[in-house]
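Everything on this sheet refers to the single structure shown next.
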Amino acid sequence: MSERAPSLPRTSRTLTVPYTGGEERRGPVTMGQANMIRCMLRDEPAHINIHDVWPVPDGTRTEDAVDALRALVVRHEALRTTFPDTSGGVPAEQVVSAEGEFTVTVLDHGELPGEPAVYAEELAREARDARFRLDRDPALRILLVTLDGAPRFVSLAASHALTDVGALSVLKEEWLGLLAGDEPPPSASHTPLDLAAEETSPAGLRKSQASLRHWERIIRTGPQAMFAEPGAEGTEIRTPRLVLRSRRASLALARAAERTGGLPATVLLTAWCALVGHRAGQPECVTAVPTSNRYHPRLARSVNTLSQDALLSLDLRVESFDELLRKAWGAALNAYRHSQFDALALWDMIGRTTVERGSQFARDVVFNDVSTLPATVAATTDEAAAGADAPAAEPPELELSWGPDQVLPTRILTFVYATEPVVHLATWADPSLFRREEAEALLTGLVRLLEAAATADVPLASLTEVTGVRPAVRGPEWVRADGSWVSPPLVAEALGKALGGRAVHVVARTPESGASGDGPSGAGAHPGSGEDRVLTAFVAAGLSPLTPVEAHTALMDALPGRPGVLAPHRYVIVQDPPAEADRADAWLRQQILVEGTGRDRDVT
């Protein structure tokens, strides 16, 4: 977070706001709610709660602002919903109240400190730090920031079990409309209980099962991590925000869409995937694409948590940008169609699949395009923090600015807030992989790629020349195994540590070659050849009995935060390490006690 402005005197009072006029209902939780509640029970609140800032129109009285908030609560069932029983983990039921109350904390100032919009943003972020009690807390935690009694901002934190970025955008738009005297039309969008009824129908259950099959195919065959390379480690990364605002990019995006006949959103997604895959040195780009479930009209304006991920796998092994764009359209639609699922069943599937594969599912890349959502205010109010309430100025041709950092479980997270009159997006890139100048070069490279695609088809082989972004550098010890970049020395190190310091040697060989391979880790051909290898781990048991199942289980527990480590396809347990422990042929001469895949209890 940026350095906070010096505190100035302020007073605080809490308003208790009663409401009536709703309808009491109850029913099962939605798939999206179950997914988010699972995260809320596991993660720190600052990582999973969301927030927003709503600038208050001049002349608004406190009672008017509060009355408009009350109207929203009565209008939207999600804002009157609790989950009565979380004692067993994720609840099965949600309850909508017909009447009740919520609170508004009024912070009055004689002078607002520093930049007012930035101050309001800081208050909203701080409000995220406390957990929401799912069985009793309202969906919104509301601060009303006033100056000499006149409201200036609403700073709020929101429960992700009941809202997402799209829902906050809808609420902001309706709240401003109410303050302007506009009566919102009757809602035609699904309530959470409407959606739950649809999801639990036979057709909804079949759709969920199809989604699980889609995810399993990608998790079983795609790269286990997009950024498996030297320097990538850890599961929680403190990452600064980098904001791009560019008129050049907006004009180029529009021209590229016109030239290719593609939608601007698809063109931008294609360019981003091409660039990320190029930088990562991967033949495909696997990325999570949230907010996908608002593509249907009945969900577009739903106040609900609909931000289950769509998992996109885009094969980059084509000749040109235009060819990739044609593939991206179908791949994105396929991902969106498979973005409603039972989250508990999904994670059960992920656990089973990754153990069988010997991998760790990494949500390395997240691309969240919220530019088409109603009244979008840059998601977590990055727009406000960047001074969006300042007088309108000439759109910047290409402007990069750094903002506060936060802890994220991703390597690259991107929010797209607008595509016209500027492309406005924010990226959080793992600083161990992207120094500041490299992160800036990535966004500048995106603009250059859009400009090139605006005038002609771009050969993907020319991406380094066109964008200035170079692929990751991996040493000769890195190989491709089971569709992933893997470092056999890192596998041996991780397995040895997981087994209490036992001697381990890992061989990577082509399927048709002998187990010895060549080189210090049996790497075989140059890693750039793209030929997949089979990994075999030789493990010295010493005086303690050891089975392949025990070795595999220990390594699986050690995989999180090690994207360059994939479990061996086979474990060979020997009594003692050879004298020349760095030679694969020496390990081959040792007496084999037992060997097997470790994936089950059958050994050979």
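Taking both residues in full, the closest heavy atoms of Pro230 and Leu433 are given as O-CD2, 3.9 Å, listed atom of the first, atom of the second, then distance. When all heavy atoms of Val469 and Ala441 are compared, the pair lying nearest together is CG2-O, 3.7 Å. Contact between Ser155 and Ala120 at its shortest, heavy atoms only, is OG-O, 2.9 Å. For the pair Ala225 and Ala362, the tightest heavy-atom approach, listed with the atom from each and the gap, is CB-CB, 4.0 Å. The nearest pair of heavy atoms linking Pro488 to Glu477 is CD-O, 3.0 Å. The two residues Tyr336 and Ser339 come nearest to each other via the heavy atoms O-OG, 2.6 Å.
Looking only at side-chain heavy atoms (C-beta outward), Thr266 and Leu269 stay at 4.5 Å or farther from each other. Residues Thr444 and Leu400 have side chains in contact (heavy-atom distance under 4.5 Å, counting atoms from C-beta outward). Side chains of Leu324 and Leu316 form a contact here, defined as non-hydrogen atoms less than 4.5 Å apart. Val286 is listed as a side-chain neighbour of Ile218, based on a closest heavy-atom distance under 4.5 Å. Leu442 is listed as a side-chain neighbour of Ile412, based on a closest heavy-atom distance under 4.5 Å. Looking only at side-chain heavy atoms (C-beta outward), Thr414 and Asn368 stay at 4.5 Å or farther from each other. At least one side-chain heavy atom of Pro471 sits under 4.5 Å from a side-chain heavy atom of His278. Side chains of Met40 and Asp43 form no contact here, defined as non-hydrogen atoms less than 4.5 Å apart.
Ser246 contributes atom OG, which lies 9.0 Å from atom CG of Leu446 (distance to the nearest 0.5 angstrom). Note that OG1 of Thr260 and CH2 of Trp329 are 11.5 Å apart. Values are rounded to the nearest 0.5 Å. Residue Asp364 holds its CG atom at 10.0 Å from SG of Cys285, rounded to the nearest 0.5 Å. Within the model, atoms CG of Leu263 and CG of Leu325 stand 9.0 Å from one another, a figure rounded to the nearest 0.5 Å. Here OG1 of Thr30 is found 9.5 Å from CD of Gln340. Values are rounded to the nearest 0.5 Å. One finds the CZ atom of Phe434 at 15.0 Å from the CH2 atom of Trp428 (value rounded to the nearest 0.5 Å).
The backbone N or O of Ser484 sits nowhere less than 3.5 Å from a side-chain atom of Gln224 that would complete a donor-acceptor pair. Within the 3.5 Å criterion, the main-chain N or O of Met31 finds a donor-acceptor partner in the side chain of Glu199. Between the Thr353 side chain and the Ile350 main chain, no donor and acceptor come within less than 3.5 Å of each other. Looking only at distances, no side-chain donor or acceptor of Ser302 sits under 3.5 Å from a matching main-chain atom of Arg298. Put simply, the side chain of Arg357 gets close to the backbone of Ile219: a donor and an acceptor are under 3.5 Å apart. Without hydrogens or angle criteria, Asp309 side chain to Leu311 main chain gives no donor-acceptor distance under 3.5 Å. Within the 3.5 Å criterion, the main-chain N or O of Phe321 finds a donor-acceptor partner in the side chain of Asp457. Using modelled atom types, no side-chain atom of Arg255 and backbone atom of Ala453 make a donor-acceptor pair closer than 3.5 Å.
Taking 4.0 Å as the cut-off between side-chain N and carboxylate O, Arg279 and Glu229 count as a salt-bridged pair.
A donor atom on one side chain and an acceptor atom on the other are found under 3.5 Å apart for Asp430 and Ser432. Asp322 and Ser320 share no donor-acceptor pair across their side chains, judged by distance under 3.5 Å alone. When only modelled atom types and interatomic distance are considered, Trp402 and Glu440 share a side-chain donor-acceptor pair under 3.5 Å. Of the N and O atoms on the side chains of Ser313 and Glu284, at least one donor lies less than 3.5 Å from an acceptor on the other residue. Side-chain contact, Thr239 with Asp405: no donor N or O sits under 3.5 Å from an acceptor N or O. Defined by atom type and a distance below 3.5 Å, a donor-acceptor pair is present between the side-chain atoms of His51 and Arg128. With hydrogens and angles left out, the side-chain atoms of Thr354 and Ser359 include no donor and acceptor closer than 3.5 Å. Side-chain atoms of Arg480 and Gln282 include a donor-acceptor pair closer than 3.5 Å.
Atom CZ of Arg352 is surrounded by more than 12 heavy atoms from other residues, nucleotides or ligands within 6.0 Å. Within a 6.0 Å sphere centred on CD of Glu437, other residues, nucleotides and ligands contribute more than 12 heavy atoms. Applying the 6.0 Å contact sphere to CD of Glu438 captures more than 12 heavy atoms from other residues, nucleotides or ligands. Within a 6.0 Å sphere centred on CD of Glu323, other residues, nucleotides and ligands contribute more than 12 heavy atoms.
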query = Going through the checks in order, is the side-chain contact (heavy atoms from CB on, under 4.5 Å) test met by Glu174 and Leu176?
reply = CA-CA 5 Å; Glu174 292 187 352; Leu176 291 173; over 6 Å; no

request  = Apply salt bridge (charged side-chain N to carboxylate O under 4.0 Å, His left out) to the pair Arg301 and Glu173, showing each step before the final yes or no.
outcome  = CA-CA 11 Å; Arg301 297 186 59 83; Glu173 182 185 83; 2.7 Å; yes

request  = Show your working on side-chain contact (heavy atoms from CB on, under 4.5 Å) between Thr410 and Ile237 and close with a plain yes or no.
outcome  = CA-CA 7 Å; Thr410 63; Ile237 301 107; over 6 Å; no

key: Leu425 and Leu443: CA distance, side-chain angles, deciding distance, side-chain contact (heavy atoms from CB on, under 4.5 Å) verdict   = CA-CA 9 Å; Leu425 58 82; Leu443 295 192; 3.9 Å; yes

message = Using the rule given for side-chain contact (heavy atoms from CB on, under 4.5 Å), can you reason through Leu195 versus Leu306, listing the C-alpha separation, both sets of side-chain angles and the distance that settles it, and then say yes or no?
response = CA-CA 10 Å; Leu195 181 58; Leu306 299 173; 3.4 Å; yes

task = Go through the steps to decide whether Thr163 and Thr305 satisfy the test side chain to side chain donor-acceptor pair (under 3.5 Å), and finish with yes or no.
result = CA-CA 4 Å; Thr163 61; Thr305 184; over 6 Å; no

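If you look at Phe153 and Trp54, their ring centroids are not closer than 6.0 Å.
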Enumerate, atom names and distances included, each donor-acceptor pair closer than 3.5 Å involving a side-chain atom of residues 560-569, sequence neighbours excluded.
| from | atom 1 | to | atom 2 | distance (Å) |
| --- | --- | --- | --- | --- |
| Arg562 | NH1 | Ala558 | O | 2.7 |
| His569 | ND1 | Leu535 | N | 2.8 |

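Each of His214, Arg220, Arg213 was compared with Glu216 under the side chain to side chain contact (heavy atoms under 4.5 Å, CB included) criterion, and only Arg220 meets it. Across Thr467, Val458, Val267, Leu275, a single residue satisfies side chain to side chain contact (heavy atoms under 4.5 Å, CB included) together with Leu450, and that is Val267. Put simply, the residue from Glu420, Glu397, Glu399 that forms a side-chain hydrogen bond (donor to acceptor under 3.5 Å, both in side chains) with Arg247 is Glu397.
A search for side chain to side chain donor-acceptor pair (under 3.5 Å) contacts involving Arg248 returns Glu451, not counting sequence neighbours.
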